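Residue numbers run from 1 in the order of the sequence given. Below, all heavy atoms of this structure are taken into account, side chains as well, without hydrogens, waters or symmetry copies. All values reported here derive from a predicted model rather than from experimental measurement.
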Amino acid sequence: MTFGKYTVIDELGRGGMGIVYKATDSILGRTVAVKELVFGGTTTQVEKEESIARFRREAQTAALLSHPNIVTIYDVGDDGGRHYMAMEFLVGRTLKQSLESGERLPLNQLLDIVRQCCMGLDHAHGHGVVHRDIKPDNILMAPNGTVKIMDFGIARQVGGMSSMTQTGTMLGTLAYISPEQLQNSKEVDGRADLFSFGCMIYELFTGVLPFDGGSIGGTILKIITEEPRPPQDLNPALPPLVNRVILKCLAKVASERYQRAGDILKDLEPLIGSNSDASKPRSDKSCANCGQGIEARVRFCPNCGAPQGVGGPGPSPSMPQSNQAPVAGPAWQPPSHTPQPAAAPAPATDRGPSPAPSPTPSPSPNPVQPPARTGVPGATFTPPAAFTPPAAFTPPGSAFTPPPAPVPVAGSAYTPSAPPASRAPEPVPSYDRPSPTANVPSPYHSPAPVPSSDFGRESAGGGGNSLRFLRTFGRPGSGKGEFFSARGIAVDPRGFVLVADTQNGRVQFFDRLGQWHHVIAGDATKGMKSPCGVAIDSAGKVWVIDSLDSKVRVFDMDGPLLGIFCEKGTGRGQFTTPGGLAISSHDMVVISDPENYRIQLLDTRGQVKNILGRHGTRPGEFRSPYGVATDANDRIYVIDYGRPSVQVLDKDGISRLQFGTRGADPGQFSIPRGIAVAADGRIIVADTLNHRLQMFDAQGQLLSCFGNKGSGHGQFMGPETLAVDNNELYVLDKGNNRVQVFSLDG
């Protein structure tokens with residue numbers, strides 16, 4: 001078989017859109033790799049034409065580049081309707097194959113892979129080419145240690161040729177894609193590649209992905225809203241300098257990342273040197289700190305980070321302080337195949353918990369054994385240990401006294417409601433409850449209203465169709481009143497606001513003004529690990545669903561466990577990964593099951609009364625149902641982020657209303673997750689990926705659209721769950737780890 005002047009010798013491999021052959025150039029006599037574009041039997045003519053254009057663009061884009069760390073393209077052509085590309089013939093295997101095989105790579109080789117990738121990316125970005133699909137599959141390692149970046153099939157030239165990409169389209173592999181690519185892949189620059197590169201080297205050094213939500217929607221939300229776990233938590237022997245570099249690559253905002261790949265090389269210079277070939281054994285001398293073989297010319301040991309030179313391990317006077325590695329540190333130790341979760345995070349005042357101190361491992365040889373590679377689908381998240389305060393406190397055995405009646409906020413529409421009825425609680429010794437009469441001010445309590453003009457886009461309607469900011473509470477951390485990856489919120493008409501904090505493994509209770517009151521947490525008795533949804537029934541019982549074990553637990557308001565229902569699975573009363581939770585005024589418990597495409601209805605004894613929905617796009621069918629809400633007529637409101645849309649069902653599962661399409665314009669959604677229904681029938685939707693809220697009337701007509709990305713009042717970072725009570729809207733602003741409260745009166 002021939003392709004023009006190329007005679008095929010053997011088939012090297014094939015994928016969904018192409019076959020790669022080993023071939024000989026009959027004119028020049030050199031061995032080449034020929035990539036043929038192939039189509040499936042169901043491919044439409046439009047899809048074929050777009051694929052051909054993209055295939056040609058790959059060759060044209062890569063032809064602009066000439067660098068030892070980028071695969072060289074020789075030729076592109078069409079032989080009797082067969083489209084092909086001739087390129088440099090390379091022997092080796094991809095980084096993905098290496099990760100999946102569990103190959104043991106020494107630290108100096110891992111650093112050299114990073115170095116060569118940075119050099120190739122810096123060259124591409126310098127020529128205005130953005131790859132947009134950096135991942136282990138597209139990095140080839142040759143036997144001689146050379147690293148090549150491959151597959152520029154979805155690359156684009158900034159300011160040059162058309163990218164063949166419509167605004168809003170996502171291109172790239174989801175687990176490695178940057179936040180800005182998720183929203184508009186047409187406008188990205190080289191910094192998007194550096195985010196993907198950060199995901200790849202995170203996996204290279206830890207064996208796991210930094211953002212793994214167990215599903216497409218969950219992974220997208222993690223990329224957009226959650227900070228990654230520091231890689232040093234998973235691999236304590238990772239040099240601190242590498243830990244800092246990876247986290248900077250993974251900054252959510254492009255301006256906070258490295259601006260060029262060359263800047264990464266500058267920061268890593270103390271470990272890899274400016275021109276070192278780290279793939280060669282470093283055996284010119286031994287490090288005085290860890291004893292590993294190193295090259296004589298390096299200033300810092302690439303294995304443990306200890307400075308080298310005459311006079312022992314002292315910092316080099318000429319080295320800038322920001323680039324200096326620690327004087328002493330543990331010897332490099334391979335991460336295990338199944339990394340264990342780090343200890344419970346300590347309270348922190350900035351975003352997320354502070355990293356746990358690195359334990360000192362026993363000296364070990366240099367090679368690294370990456371853990372089993374974890375893909376996006378089906379992965380299981382393991383939260384840190386349950387929150388434990390500094391000192392235990394046993395409350396007195398007197399009758400429970402409700403929190404003080406809230407004081408109206410100046411300028412707000414807040415009206416205090418009746419406090420909870422008195423009850424005699426069981427002491428919960430692990431938590432320090434404040435005195436019911438204590439008045440502890442919250443540093444995040446901000447009652448000043450914000451004008452509605454601050455809410456970005458807002459349609460006509462005004463008055464009752466807009467929101468007015470009232471207050472906010474909560475902050476990042478694991479202490480009292482702090483959240484880390486909170487996912488569920490509920491309002492008790494008798495005086496409490498409940499927040500389910502997934503990663504801290506607990507449900508916290510606040511009064512309406514945001515003052516912390518008490519907590520229910522998972523321990524050996526309750527077993528709760530990762531609460532993702534919370535609701536309250538008419539009897540005041542607290543229902544909590546757990547994303548880790550898929551169980552539904554019911555608690556007394558003060559903490560005692562009353563019952564456990566459901567389990568993980570696909571049968572009746574089982575959930576693969578539970579999503580939203582709501583309880584109607586008639587105590588119908590509604591739980592969404594996104595991966596099984598259904599809604600299950602339970603009674604207050606935990607018995608399944610009905611199962612609604614199945615996979616599909618017709619009325620009454622779902623792709624990924626998540627957020628749920630109910631109204632006084634027992635209608636069920638369902639957010640389906642897989643479509644995305646809103647469906648309103650009656651209690652028999654008949655679809656009575658459906659609205660919404662995918663997009664970023666008013667009235668459209670990009671990964672909606674939260675929904676709430678006001679007493680007058682208005683429907684409020686949390687459009688998580690677009691960082692905004694949208695309000696609709698009872699017929700699904702858009703009333704207003706407000707909010708934008710940020711951390712100010714009325715701004716959001718991935719708003720997820722909503723609750724309405726007393727004409728107030730409580731918004732769980734997940735990415736900012738806080739609750740914002742608005743008046744629905746406008």
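Atom OG1 of Thr94 is separated from atom CE of Met150 by 6.5 Å, given to the nearest 0.5 angstrom. Taken from CG in Leu121 to CZ in Phe197, the straight-line distance is 6.5 Å, to the nearest 0.5 Å. Residue Ile639 holds its CD1 atom at 4.5 Å from CD1 of Ile675, rounded to the nearest 0.5 Å. To the nearest 0.5 Å, atom CZ of residue Arg738 and atom CZ of residue Phe716 are 8.0 Å apart. Once rounded to the nearest 0.5 Å, the distance linking CD1 of Ile224 with CD1 of Ile671 reads 9.0 Å. The structure places CG of Asn504 at 5.0 Å from OG of Ser478, a figure rounded to the nearest 0.5 Å.
Side-chain atoms of Thr576 and Asn596 include a donor-acceptor pair closer than 3.5 Å.
Scanning all heavy atoms of the two residues, the minimum distance from Leu99 to Leu204 falls at CD2-CA, 4.2 Å. For the pair Gly477 and Arg506, the tightest heavy-atom approach, listed with the atom from each and the gap, is O-NH2, 4.4 Å. In terms of heavy-atom proximity, Pro578 sits nearest to Ile545 at CB-CD1, 4.1 Å. Taking all atoms of both residues into account, the shortest heavy-atom contact from Gln600 to Gln574 is NE2-O, 2.8 Å. Across Ala676 and Leu729, no two heavy atoms sit closer than the pair CB-CD1, 4.4 Å. Residues Cys566 and Phe575 come closest through the heavy atom pair SG-CE1, 3.6 Å.
Counting only heavy atoms from C-beta outward, the side chains of Ile113 and Ile201 never approach each other to under 4.5 Å. Here the side chains of Thr630 and Val677 are not in contact, with every heavy-atom distance at 4.5 Å or above. Residues Leu247 and Pro228 are in side-chain contact: their nearest non-hydrogen atoms beyond the backbone lie under 4.5 Å apart. Using a 4.5 Å heavy-atom threshold, the side chains of Asp687 and Ser670 count as touching. His131 places a side-chain heavy atom less than 4.5 Å from the side chain of Asn138. The side-chain heavy atoms of Phe669 and Thr688, taken from C-beta on, include no pair separated by under 4.5 Å. By the 4.5 Å heavy-atom criterion applied to side chains, Gln259 and Arg191 are counted as neighbours. At least one side-chain heavy atom of Ile139 sits under 4.5 Å from a side-chain heavy atom of Ile149.
Between Arg623 and Asp640 there is no salt bridge, since no side-chain N of the basic residue sits under 4.0 Å from a carboxylate O of the acidic one. Here Asp122 pairs with Arg260 in a salt bridge; the nearest charged N to carboxylate O distance falls below 4.0 Å. By the 4.0 Å N-to-carboxylate-O rule, Asp593 lies close enough to Arg598 to be salt-bridged with it. Salt bridge annotation for Glu226-Lys734: present, with a cationic side-chain nitrogen under 4.0 angstrom from a carboxylate oxygen.
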side-chain contact (heavy atoms from CB on, under 4.5 Å) assessment of Leu693 paired with Leu722: CA-CA 10 Å; Leu693 306 178; Leu722 309 175; 4.0 Å; yes
Val589 and Leu581: CA distance, side-chain angles, deciding distance, side-chain contact (heavy atoms from CB on, under 4.5 Å) verdict: CA-CA 7 Å; Val589 182; Leu581 169 66; 3.8 Å; yes
Val242 vs Leu268, side-chain contact (heavy atoms from CB on, under 4.5 Å): CA-CA, chis, key distance, verdict: CA-CA 7 Å; Val242 178; Leu268 286 175; 4.3 Å; yes
Stepwise side-chain contact (heavy atoms from CB on, under 4.5 Å) test for Val147 and Leu95: CA-CA 9 Å; Val147 173; Leu95 189 55; over 6 Å; no
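Ring centroids of Phe195 and Phe211 are separated by less than 6.0 Å, placing the two rings close together.
Between the side chain of Asn708 and the main chain of His691, no donor-acceptor pair closer than 3.5 Å is present. Gln647 contributes a side-chain N or O that, together with a main-chain N or O of Glu621, makes up a donor-acceptor pair within less than 3.5 Å. Asp212 contributes no side-chain N or O that, together with a main-chain N or O of Lys222, makes up a donor-acceptor pair within less than 3.5 Å. Side-chain N or O atoms of Arg643 include none that pairs as donor or acceptor with a backbone N or O of Gly660 at under 3.5 Å. Side-chain atoms of Gln508 do not come within 3.5 Å of backbone N or O of Lys480 as any donor-acceptor pair. A donor-acceptor pair under 3.5 Å is formed between the side chain of Ser592 and the backbone N or O of Tyr626. Judged by distance alone, the side chain of Asp546 and the main-chain N or O of Lys529 form a donor-acceptor pair under 3.5 Å. No donor-acceptor pair under 3.5 Å is formed between the side chain of Gln740 and the backbone N or O of Val731. Between the side chain of Thr721 and the backbone N or O of Arg487, at least one donor-acceptor pair lies under 3.5 Å. In this structure, Ser196 contributes its side chain and Tyr176 its backbone to a donor-acceptor pair below 3.5 Å.
Crowding of Arg614 atom CZ: a count of heavy atoms from other residues, nucleotides or ligands under 6.0 Å not exceeding 12.
Using cut-offs of 30° and 60° for the angle between ring planes, the Phe473 and Phe510 rings count as tilted. Classification of the Phe696-Phe659 ring pair by plane angle, with boundaries at 30° and 60°, yields tilted.
Exactly one of Pro644, Ser645, Pro672 qualifies for a side chain to side chain contact (heavy atoms under 4.5 Å, CB included) with Arg662. That residue is Pro644.
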